[in-house]
Number of protein chains: 2
Amino acid sequence: MKNGKYSISDVAEMLGVSKSTVSRAINGNSGVGEELRKKVLDLVEEIGYKPNTIAQSLSRGHMNIVALILGDIRNPFYADLTFNIQRILNKHGYMVMVFNSEYDVRREIEFLKLTLQFNFAGLILITAQAESVEGMLHSMNIPIVLVNRILPSYEGDSVLTDNFRAGYMAVMHLLELKHKHIGFIKGPGISSASTQRFDGYRQALQNFGLPFNEEYVFASDLKLETGISLAQKFVKELKERPSAMVIVNDMTAVGFMDGCKENGLRIPEDLSIVSFDNVDISAIKGIELTTISQHVDEMSEHTARLMLKQLKNKECKPERVILEPTLVVRNTTSLYEE
Amino acid sequence: MKNGKYSISDVAEMLGVSKSTVSRAINGNSGVGEELRKKVLDLVEEIGYKPNTIAQSLSRGHMNIVALILGDIRNPFYADLTFNIQRILNKHGYMVMVFNSEYDVRREIEFLKLTLQFNFAGLILITAQAESVEGMLHSMNIPIVLVNRILPSYEGDSVLTDNFRAGYMAVMHLLELKHKHIGFIKGPGISSASTQRFDGYRQALQNFGLPFNEEYVFASDLKLETGISLAQKFVKELKERPSAMVIVNDMTAVGFMDGCKENGLRIPEDLSIVSFDNVDISAIKGIELTTISQHVDEMSEHTARLMLKQLKNKECKPERVILEPTLVVRNTTSLYEE
DNA sequence: TTGTAGGCGTTATCAC
DNA sequence: GTGATAACGCCTACAA
């Protein structure tokens with residue numbers, strides 16, 4: 001015993017048995033007499049012995065930590081997802097280590113290397129491009145779950161919202177309200193959720209013969225403040241404005257609305273807005289976003305479930321869970337009148 | 001080499017040198033000829049060898065992971081703090097492991113035990129009671145930084161906003177606006193930030209001879225939805241209402257305002273509100289909270305700095321950083337008129 | 001059922 | 001300057 005902490009040898013010695021016996025007893029393995037097991041467990045309980053996780057991990061070949069790589073924990077959508085996943089995995093004895101890629105591929109690759117180096121037990125990748133790291137993913141040889149990442153050739157577990165459909169739905173809704181000129185604010189290029197939504201938007205435009213105007217397309221990093229500054233550009237630099245905008249996530253939309261109002265634009269009278277995520281805040285009076293929900297609870301449950309499944313049984317057939325988005329109509333969209 | 005990964009022995013063997021030499025070379029330790037060192041580093045670079053962190057940790061006695069225990073990562077204030085701290089510590093080669101105590105002391109104690117068991121390099125504790133875990137803290141013998149936790153007898157590093165003053169300031173502001181009946185929404189009992197604010201509020205009430213009414217005191221878990229449900233109670237169950245409320249954090253305040261408006265109360269005409277944190281969202285039109293800023297950027301920088309200081313030099317004299325809160329006046333407070 | 005011994009991948013302490 | 005060797009704390013064949 002050093003450092004105030006007991007080691008398995010201490011326990012063994014105190015009981016006059018071998019380390020193996022103690023190990024078996026505390027791990028619930030067979031091969032120990034019931035009587036002796038109880039004696040071991042009692043002492044362990046009494047002195048408060050806890051096995052050293054590092055040593056366990058070295059021996060077992062991996063840590064019971066799951067890496068979770070996402071864009072930015074400050075985005076409430078990610079925070080919700082993380083919280084839920086973490087809670088479930090914790091309950092099953094796993095820790096979760098969160099990494100903010102800040103939507104930077106290089107940083108993401110760094111984190112993937114760290115995942116290897118640390119021998120994490122598993123890896124959850126949320127909402128970013130997968131192509132650039134596909135090779136690495138294949139060679140990692142640990143449980144992996146992809147969330148909201150599209151990668152056609154990827155065989156492993158993944159759970160995703162049908163983001164193409166979500167983008168399409170947004171346009172459909174605006175179309176029913178007679179809008180003809182519809183702009184789009186994309187997310188970071190690395191985000192496949194964003195790309196899919198954009199594709200859905202373009203497809204809908206095309207299917208219904210609406211014009212696509214490159215000038216009506218902007219890019220955000222999903223942050224509130226970016227929404228605000230984009231609004232400045234939108235109001236001041238555009239000679240002709242669309243009557244509606246589809247915005248890649250709620251936080252950008254909230255910022256964008258703020259910037260628009262700041263510049264005298266009324267919403268929805270002068271501009272209709274549809275966004276994505278249905279974050280808590282979007283329901284609040286004074287915001288009341290019309291948005292497309294991703295069902296974050298279900299997403300996190302499926303993600304955690306798939307991870308646990310792989311963790312328990314390395315060889316199981318991959319699942320691909322696809323969740324349907326839902327339109328939530330509130331007060332940022334209205335009928336377009338000439 | 002197994003599992004597609006090289007070990008230090010592989011590297012040693014490939015070069016025909018000993019493991020010790022390789023270890024010294026990659027760790028920049030003295031005792032290797034420059035020539036040989038270069039040869040080692042070149043090979044390491046070429047084959048992409050990375051030392052196994054678990055083994056390193058076992059040998060060194062701790063992981064280069066810092067545990068960060070907070071209430072709930074979905075609270076934007078915590079998310080901001082976490083993001084910043086994580087970014088700085090990452091830059092210095094440390095990982096951060098986040099734990100959501102959900103404001104539950106038992107859970108917090110669990111996490112403290114895990115911190116020991118995992119041999120984490122350090123511990124950052126954010127905004128919760130410290131008394132109940134003080135003993136454990138003392139016996140942990142690793143770098144610890146307390147954030148927004150008051151513990152008079154605690155000698156170690158800590159950074160905190162003067163929350164007593166913040167609570168006092170909130171009342172002062174309302175007093176200048178002629179309010180006489182001022183209520184309060186507390187945070188979870190475990191949160192010392194909340195307790196301090198409440199104490200400041202009471203002190204100000206007393207100093208200026210204002211009445212304190214137990215009926216005007218509510219409790220929140222800092223979540224938006226809780227703010228909403230508290231508003232129901234506030235509007236429906238109170239026979240006489242205060243003209244102003246001080247609310248423990250922005251998110252609760254946002255929810256509370258929503259619930260009030262839902263029930264026909266106008267803000268600030270019928271009710272003034274002051275809250276704490278100055279989260280991004282509080283500046284948005286349609287919200288525009290009058291709030292007391294905690295200067296989250298400075299907080300996180302100091303926190304990370306203190307942790308790194310301890311990590312580098314176990315024996316250094318403790319610092320206590322105290323940040324002054326700042327009142328940000330927006331549109332949820334107005335002059336009280338009879 | 002129990003104990004012994006070797007191994008997990010590093011680092012650190014000795015010799016040489 | 002370099003190389004054996006022990007140690008970190010645990011798990012797990014294998015032997016008794």
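Just so we're on the same page: letters track the sequence lines, and every chain starts at 1. Nothing here was measured: the structure is a model prediction, and the numbers come from that model.
- Residue B:M63 holds its CE atom at 9.5 Å from OG1 of A:T53, rounded to the nearest 0.5 Å.
- For the OP1/OP2 pair of D:dC8 and a distance below 4.0 Å, the side-chain nitrogens and oxygens of A:N52 include no atom meeting the criterion.
- Residue A:T21 places at least one side-chain N or O under 4.0 Å from the OP1 or OP2 atom of C:dG3.
- Put simply, the side chain of B:K19 and the base of C:dT10 share a donor and an acceptor less than 3.5 Å apart.
- Applying the 4.0 Å criterion to OP1 and OP2 of C:dT11, one finds that B:N27 has a side-chain N or O inside that range.
- Residue-level contact check: B:L36 touches the backbone only, with heavy atoms under 4.0 Å from sugar-phosphate atoms and none from bases.
- In this entry the distance linking NZ of B:K39 with C1' of D:dG1 reads 14 Å, nearest Å.
- Under 4.0 angstrom from either OP1 or OP2 of C:dC8 there lies no side-chain N or O belonging to A:S59.
- Looking at the side chain of A:A55, the nearest of the listed nucleotides D:dC10, C:dT10, C:dT2 is D:dC10.
- Residue-to-nucleotide contacts include no donor-acceptor pair under 3.5 Å from the side chain of B:S23 to the base of C:dA12.
- The interatomic distance linking A:I54 (CD1) with C:dC8 (C1') rounds to 13 Å, in whole Å.
- Around CD of A:E102, the count of heavy atoms belonging to other residues, nucleotides or ligands within 6.0 Å exceeds 12.
- For the OP1/OP2 pair of C:dG9 and a distance below 4.0 Å, the side-chain nitrogens and oxygens of B:Q56 include no atom meeting the criterion.
- The phosphate of D:dG3 has OP1 or OP2 within less than 4.0 Å of a side-chain N or O from B:S18.
- Going from atom CG of A:L58 over to atom P of C:dT11 covers 12 Å, rounded to whole Å.
- When side chains are defined from C-beta on, B:M95 counts as touching A:F99, because their heavy atoms get closer than 4.5 Å.
- B:G33 comes within 4.0 angstrom of sugar-phosphate atoms only, judged by non-hydrogen atoms across all strands, and of no base.
- Here C:dT11 presents its P atom at 12 Å from CG of B:N64, a figure rounded to the nearest Å.
- Counting distance only, with no hydrogens placed and no angle test, the side-chain atoms of A:S20 and the base atoms of C:dT4 include a donor-acceptor pair under 3.5 Å.
- Taking atom CD1 of B:I26 as the reference point, atom P of C:dA12 lies 11 Å away to the nearest angstrom.
- Between A:E110 and A:R107 there is no salt bridge, since no side-chain nitrogen of the basic residue lies less than 4.0 Å from a carboxylate oxygen of the acidic one.
- Screening A:L137, A:N148, A:L70 for a side chain to side chain contact (heavy atoms under 4.5 Å, CB included) involving A:L125 leaves a single residue, A:L137.
- If you take CE of A:M63 and P of D:dG9, they are 15 Å apart, rounded to a whole angstrom.
- OP1 or OP2 of C:dT10 has at least one side-chain nitrogen or oxygen of B:Y49 nearer than 4.0 Å.
- Separating the CG atom of A:N29 from the P atom of C:dT1 is a distance of 13 Å, rounded to the nearest angstrom.
- In this structure, A:K50 and B:G31 both approach DNA chain D, and ranking their closest nucleotides by distance from the 5' end singles out B:G31.
- Taking a 6.0 Å sphere around CD of A:E13, one finds it holds 12 or fewer heavy atoms contributed by other residues, nucleotides or ligands.
- In this structure, A:E13 atom CD and C:dG3 atom P are separated by 13 Å, rounded to whole Å.
- If you check distances only, the side chain of B:R24 does reach the base of D:dG3 with a donor-acceptor pair under 3.5 Å.
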